[in-house]
Amino acid sequence: MSLVADLGIAFGRVAFVMLFVLNTAAILGWVERKQSAIMQDRIGANRASIFGIRALGLFHPLADTLKMLTKEDFRPARADKVLFSLAPFVSVVFALVAFASIPFGDTLTIGDRVIPLQAVTLNVGILYVFAMLSLGVYGVMMAGWSSGNNFALLGGQRAAALMISAEIAIGASVMGVIMIYGSLNMMDIARAQGQLLWGWLPKWGIITQPLAFILFLTAGIAATKRIPFDFPEGESEIIGYNVEYSGMKFGMFLMTDMVETTVLAGLCTALFLGGWQVPYLYAEGFHFPWGAELLLSPLAVTVLQVSAFVTKVAVMIFILMLIRWTLPRFRYDQAMKLGWLGLFPLSILNIVLTGALVLAWGAR
Amino acid sequence: MATVTFFVVAVLAVASALGLILKRNPIHGALFLVINLACVAVLYLSLGAEFLAAAQVIVYAGAIMVLFVFAIMVLIPGKEETGPDPRRAVRLLALPVGALLFVQLAMIVRPRDARVPPPPAGGSAESLGTLLFTDYLFPFELTSVLLLAAMVGVLVLARRRPS
């Protein structure tokens, strides 16, 4: 009985994260169209309908998927058979599993069971996310090389160079957060952000590490290969690594971008926006700094925390989309310069400054 | 469970190592090496060394091998890389040297299984960092100096000379 319950709980934790990421990624296609339409004073995609019900164009992702699944799955004659088929899977799998160690809530106690609300509890959770993201580069490189097309190969190399330079800056910028909260465990980091500075200011990462947040966000957007860093595969004018792909294999590369955006929003939330923390909400209820109290049941607290996490991720995605539809595209050399001569040295500077501050204040 | 994991991963590791040696195509070989490194990471994980496993994937599979594959893709192999090896005679040395290495490994591994207890500190980032900055500080700093020297050397070699 207890084994069944344990298995069920483990399955539920994984299923929640998996369904959250997949559904968010699926709906992002709609969000992207509608948000860009609103920003540009258009109506946006609204024609897909089921029995005349249009639901604000919400059926477009469904129509897209059906279209991609039923298209011809073409493979060039000169392509490397195995790698060509493997590349989209490698790309999407590592993006999907990266979310596993991001916590979406504090522990939930049912009976005598204490359930941490994250798919996998890892002591080095933050390193796990970076490991998975860094393996995602192989999908892009394999796609570019195995297509047997020199333009695709060049696109793959541009993508790989961009992702390498971005990931170095991501890793270096997060180092400051790790130093402040003193842990590699993402649950510990989220929990530590519930403390208060000077008795009223939540100790979120964006407040203790503002420079790291900007660097992380910039490098993160670069790692997702989307506008303004979309020179590996500009949709309408640049031939990219996925030029030879069609049907659902092409769709999987598209999906990778959406999943990576979700993972980036989740990471920003967990590291810089307090994770699942609601300001002044503790395990037994609200304790406001001006003395007021509002006691809540543990279940209500958990529901509030999980919805806070989901809301923060949604807001982060909204900001990412705003950036995507506002900025023009970087040239290859400009992006490289930004990565290696801008983001990376500044991240190192941030590490040195944070180290000095931690030493001086004895903060932790 | 742990034994099953070990055997599955061990078979995968040996198979990917064979693939690395036997494949003619350098890209395929490099990708087999990535699988091999990932297998080693899983073995670390099954020993409870989470930090080492993550570092193995990030540093070797995620950074060094990406650069390898990148370099191989840039220098798309022409005939000279894929044709027959001009130094065939050297291959004869492979068998005795390989046998010697195997004997050495066997001698190192054999007496350990009974004698050496698992490391008391475990594989956490804290214990590893403490060890690196106390007991192993000198080799640690020496390695970083070696890497720095290599970097400076590359910069000197790659610098554009005024001609």
Side-chain angles (χ1 to χ4, degrees), chain A residues 80-84 86-87 90 94 97-98 101 120-148 150 152-165 167-168 170-171 174 178-179 182-185 188 223 241, chain B residues 1 16 19 23-42 44-77 121-130 133 151 155:
Chain A
D80 184 312
K81 283 189 195 111
V82 179
L83 290 188
F84 187 78
L86 208 59
V90 170
F94 287 121
V97 296
S101 73
V120 182
T121 40
L122 276 173
N123 285 326
V124 290
I126 194 165
L127 295 182
Y128 164 81
V129 179
F130 295 140
M132 291 305 119
L133 287 180
S134 68
L135 288 180
V137 183
Y138 286 110
V140 174
M141 291 170 87
M142 279 158 67
W145 182 78
S146 66
S147 296
N150 284 342
L153 179 64
L154 285 174
Q157 286 174 358
R158 282 197 305 274
L162 174 70
M163 287 166 89
I164 292 170
S165 54
E167 268 153 19
I168 292 216
I170 291 179
V174 164
I178 298 172
M179 286 159 82
S183 176
L184 292 168
N185 184 332
D188 289 351
Y241 56 86
Chain B
M1 180 68 191
S16 56
K23 274 282 178 183
R24 274 280 159 96
N25 190 320
I27 296 267
H28 289 178
L31 291 175
F32 271 117
L33 182 54
V34 175
I35 298 178
N36 188 275
L37 293 168
C39 289
V40 177
V42 175
Y44 284 146
L45 204 61
S46 67
L47 290 173
E50 288 184 347
F51 178 78
L52 264 189
Q56 166 89 4
V57 172
I58 293 177
V59 174
Y60 285 100
I64 294 180
M65 282 316 294
V66 166
L67 286 181
F68 264 59
V69 175
F70 192 81
I72 297 172
M73 281 181 185
V74 175
L75 314 164
I76 301 164
S124 72
E126 286 98 338
S127 57
L128 207 71
T130 316
F133 280 96
M151 264 164 68
L155 281 180

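Labels below follow one simple rule: chain letters A, B, ... track the order of the sequence lines, proteins then strands, and each chain is numbered from 1.
When heavy atoms are compared at a cutoff of 4.5 Å, A:Leu127 approaches chain B by way of both its backbone and its side chain. Contact annotation for A:Leu184: only side-chain heavy atoms (C-beta onward) come within less than 4.5 Å of a heavy atom of chain B. For A:Ile168, no part sits under 4.5 Å from any heavy atom of chain B, backbone or side chain.
For CZ of B:Phe70, the number of neighbouring non-hydrogen atoms (other residues, nucleotides, ligands) closer than 6.0 Å is greater than 12.
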Might you work through the side-chain contact (heavy atoms from CB on, under 4.5 Å) test for A:Asp80 and B:Ile27, ending with a clear yes or no? CA-CA 11 Å; A:Asp80 184 312; B:Ile27 296 267; over 6 Å; no
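In this structure, B:Met73 and A:Met141 approach most closely via the heavy-atom pair CE-O, 3.1 Å. The two residues B:Ala54 and A:Ala131 make their nearest non-hydrogen contact at O-CB, 4.4 Å.
Scanning residues 57-67 of chain B against chain A with a 4.5 Å heavy-atom cutoff picks out B:Val57, B:Ile58, B:Ala61, B:Gly62, B:Met65, B:Val66, B:Leu67, ordered by number. Interface with chain A: from residues 28-35 of chain B, residues B:His28, B:Leu31, B:Val34 qualify, criterion being any non-hydrogen pair under 4.5 Å.
Among A:Leu133, A:Ile164, A:Val82, A:Asn123, the residue with the largest count of heavy-atom pairs under 4.5 Å with chain B is A:Asn123.
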